[in-house]
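Since the structure comes first, as structure tokens, the remarks are kept for the end.
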There are 2 protein chains.
Amino acid sequence: MSKSNNVYKDAYNRCLRLLDETRSLPSEPELGTLLGVSRTTVRSILARMEETGLITWNKRAKTVLREPRPDDFFPEEETDTLAEIIERSFMRRLLAGGAEAGMQINELELAREIGVGTTSVREFLIRFSRFGLIEKRRNSHWVLKGFTRAFALELTEIREMFELRSAAAFAALPQDSTVWVDLDRLEDEHRLLAREIATRFNEFSELDERFHRLIHRASRNRFIVDFYDVIAMIFHYHYQWNKAQERERNEVAVGEHLAYIEALKSRDLGKVDAACRKHLKSARHTLLTSIPENRPLQKS
Amino acid sequence: MSKSNNVYKDAYNRCLRLLDETRSLPSEPELGTLLGVSRTTVRSILARMEETGLITWNKRAKTVLREPRPDDFFPEEETDTLAEIIERSFMRRLLAGGAEAGMQINELELAREIGVGTTSVREFLIRFSRFGLIEKRRNSHWVLKGFTRAFALELTEIREMFELRSAAAFAALPQDSTVWVDLDRLEDEHRLLAREIATRFNEFSELDERFHRLIHRASRNRFIVDFYDVIAMIFHYHYQWNKAQERERNEVAVGEHLAYIEALKSRDLGKVDAACRKHLKSARHTLLTSIPENRPLQKS
DNA sequence: GTAATGTCTTTTATCGTGAAAAAACATTTT
DNA sequence: AAAATGTTTTTTCACGATAAAAGACATTAC
């Protein structure tokens, strides 16, 4: 099996959702940009849709014949990238405990366990290494450094440095910058979420990421922007894993965000700094309390 | 050809140099740690040394028969890692001009040109991506972001943030920390180099890296320490490429380092900050002047 | 009995290969 | 002629295979 066709399957599923809305589909290049795939893939999708009687396809004419049924969709798990599959498996092992710092990581074993080739695992580990959780021994195995308290402290130290600077840069942005529109929109979303926090509290993590990414982008520094990938990754798994007081935590965070947004809009650097510091402090606290004290520290 | 034996060849060459010093070689495990390779490789080395009449080898007895001749050594170019070969080729293309921002990077073409497999090139590009000079388009090619003025500014911004913090942490280290010994030793090396700067100015870059790495390590933050890889890489190629006023620049830098070291030893945070700022400012200036103004800026 | 050597097994590094997907080129349609 | 469709070529992604190198186990020497 040389390469899975998940790109095709995922685009096919997304294209099915388009069928609900229109009587006929746009041109092939247009569909390509819409779905974010090449024309080659678009044509495969159209070919299959014709086969399954969803549309008729004759050159430019692509008429929708019927609405898609649930069984027209490819199963969700077949639309994932290999990299996503590997990351999930890897993180599950890492967080499932028993993953002590200093432990060796075996490429071959990982590959066999997940059921993929070694090359994909190797490439994943190389990409993953920038998160600072693993390290390569030359000509030899990878070493797990562990998701320890030390890691969380080092991560938050950089995060705070970067975000304070980005927030200051944000507040100094000219009035006609589009970020202010984006910020207003995010503020609305926050207010909406705050009102329905009792039922929608689990939607916060996604909003959180968008908000902080907007701020970091104001730094106009690729290293700061890219570093948010590390934070986002850690928080992504942290949210999945630490569900204690999730509702309360998120409610507090939404409130802090709103104060933070207010401060940004005031363009008063002192206020921005204070609001940012306050939010970062509670974010750090949340992360730290979720890491047991007795986790082994990293070996030399 | 599945894997070159450069580890063996490189270790063999280093082992030859050991032969000059002793009449007989230590045990296999000892040689292994000394050369940083496994016993398997040590045994291959010993086997060959016996074959070429350099030593006699019978179990524990490894007697040196003659001094190594120049032709006993493997050629330098056969001792390089594939990753090093690829990096050099890639950087040569990148700095040889004609590498405009926005340009596509073709894995296959690169692999063919260098004469290696695509996998190695892919892995190199993934590792290299953390330097912020290239970026991957999903399911598609890599894009060169270019070694532009913007890049240099973003890089130095982070560098200054990190180094100021590390320098402060350094100065706050307890008196009995081993870093003070390391610093004294570096100071001596600086003084020695300063005295013979006229002839040894090209040895500065190596000293520079060791000095700044020592300081960054005081941050005890893996992200700060790891970021120095980006700086080191850029400066490594920058030194090779911008030879204008090298002697003068290095002479100035050595002086700044000595003042910086003095400030650190005074443990006066104000002085440390000032000395660090001064040096970083001139380092930034040096880097910036070496980038032509008219280099194309990164496309969206 | 500790530490070396000798032997065997496992893992890593790298390649060539083939299918998926993108991209380039040619042809037709509006 | 601009933009679509049709066709062909190229590139990326992922795999299994193989030699280099590491590591584990067994045996011998001190």
Side-chain angles (χ1 to χ4, degrees), chain A residues 1-11 26-32 35-47 57-62 81-83 85-86 104-112 115-126 136-142, chain B residues 1-11 26-32 35-47 57-62 81-83 85-86 104-112 115-126 136-142:
Chain A
M1 181 222 317
S2 57
K3 195 182 179 182
S4 92
N5 54 353
N6 67 77
V7 172
Y8 157 72
K9 286 178 177 171
D10 181 52
S27 76
E28 295 172 13
E30 224 169 312
L31 264 174
L35 298 168
V37 294
S38 73
R39 251 188 75 218
T40 310
T41 306
V42 168
R43 297 187 116 238
S44 309
I45 292 170
L46 292 172
W57 180 28
N58 189 282
K59 304 196 172 171
R60 296 178 187 223
K62 310 175 194 79
T81 319
L82 237 205
I85 295 168
I86 296 174
Q104 287 186 19
I105 296 164
N106 188 319
E107 290 177 4
L108 204 64
E109 191 190 313
L110 249 180
R112 272 194 296 244
V116 297
T118 47
T119 315
S120 313
V121 170
R122 277 174 70 76
E123 289 182 5
F124 164 75
L125 291 171
I126 295 169
K136 176 111 180 98
R137 292 264 188 287
R138 206 172 88 83
N139 279 317
S140 183
H141 53 263
W142 291 85
Chain B
M1 179 224 318
S2 57
K3 193 182 180 181
S4 92
N5 54 353
N6 67 76
V7 173
Y8 156 72
K9 286 178 177 171
D10 181 51
S27 77
E28 294 172 15
E30 223 168 313
L31 264 175
L35 297 168
V37 294
S38 74
R39 250 188 76 217
T40 309
T41 306
V42 168
R43 297 187 116 239
S44 309
I45 292 170
L46 292 173
W57 180 28
N58 188 282
K59 307 201 168 169
R60 299 182 187 221
K62 308 175 196 80
T81 319
L82 237 206
I85 295 168
I86 297 174
Q104 286 187 21
I105 295 164
N106 188 317
E107 289 177 4
L108 205 63
E109 191 190 314
L110 251 179
R112 272 194 295 246
V116 297
T118 47
T119 315
S120 312
V121 170
R122 280 174 68 76
E123 289 182 4
F124 164 75
L125 291 171
I126 295 170
K136 177 113 180 97
R137 288 267 157 20
R138 207 174 85 83
N139 278 319
S140 183
H141 52 262
W142 290 85

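Letters A, B, ... are given to chains in the order of the sequence lines, protein chains preceding strands, and every chain is numbered from 1.
- Scanning all heavy atoms of the two residues, the minimum distance from A:S120 to A:L82 falls at OG-CD1, 3.3 Å.
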Below 3.5 Å between N/O atoms, which protein atoms pair up with nucleotides 14-19 of chain C? Just atom names and distances, please.
| residue | atom | partner | partner atom | Å |
| --- | --- | --- | --- | --- |
| C:dT14 | O4' | B:S2 | O | 2.7 |
| C:dC15 | OP1 | B:G117 | N | 3.3 |
| C:dC15 | OP2 | B:G117 | N | 2.7 |
| C:dC15 | OP2 | B:S120 | OG | 2.7 |
| C:dC15 | N4 | B:T119 | OG1 | 3.4 |
| C:dA19 | O4' | A:S2 | OG | 2.6 |

Exercise. So A:I45 and A:L31, side chain to side chain contact (heavy atoms under 4.5 Å, CB included) or not? Walk me through it.
Worked result: CA-CA 10 Å; A:I45 292 170; A:L31 264 174; over 6 Å; no
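- The distance from atom CZ of A:R137 to atom C1' of C:dA13 is 18 Å, rounded to the nearest whole Å.
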For this session: Determine, for nucleotides 1-10 of chain D in 5'-to-3' order, which nucleotides have protein heavy atoms under 4.0 Å from the base (write B), from only the sugar-phosphate (write S), or from neither (write -).
Result: ---BBBB---
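- For A:R39, the salt bridge (Lys or Arg N to Asp or Glu O under 4.0 Å) partners are A:E28, not counting sequence neighbours.
- Minimum interatomic distance between A:W142 and A:E107 (heavy atoms only, all atoms of both residues): NE1-OE2, 3.4 Å.
- Place B:G36 and B:E107 on DNA chain D by their nearest nucleotides, and B:E107 ends up nearer the 5' end.
- At the heavy-atom level, B:K9 lies nowhere under 4.0 Å from the strands shown.
- Here the CG-OG1 distance, from B:L110 to B:T118, works out to 11.0 Å after rounding to the nearest 0.5 Å.
- Within the nucleic acid shown, A:I105 comes within 4.0 Å of sugar-phosphate atoms alone, with no base atom in reach, counting heavy atoms only.
- With rounding to whole Å, B:L35 atom CG is found 19 Å from D:dA20 atom P.
- Residues A:K62 and A:W57 come closest through the heavy atom pair CG-CD1, 3.6 Å.
- Within the 4.0 angstrom heavy-atom criterion, no nucleotide atom of any strand lies near B:I45.
- Shortest non-hydrogen contact noted between A:A11 and A:V37 is CB-CG1, 4.0 Å.
- One can place CG of A:N5 at 15 Å from C1' of D:dT12, the figure rounded to the nearest angstrom.
- The distance from atom CG of B:L125 to atom CD of B:E123, rounded to the nearest 0.5 Å, is 10.5 Å.
- Between B:V121 and the options B:I105, B:V116, B:N106, B:L108, a side-chain contact (heavy atoms from CB on, under 4.5 Å) holds for only B:V116.
- Comparing A:S140 and B:H141 along DNA chain D, the residue whose closest nucleotide (by nearest heavy atom) sits nearer the 5' end is B:H141.
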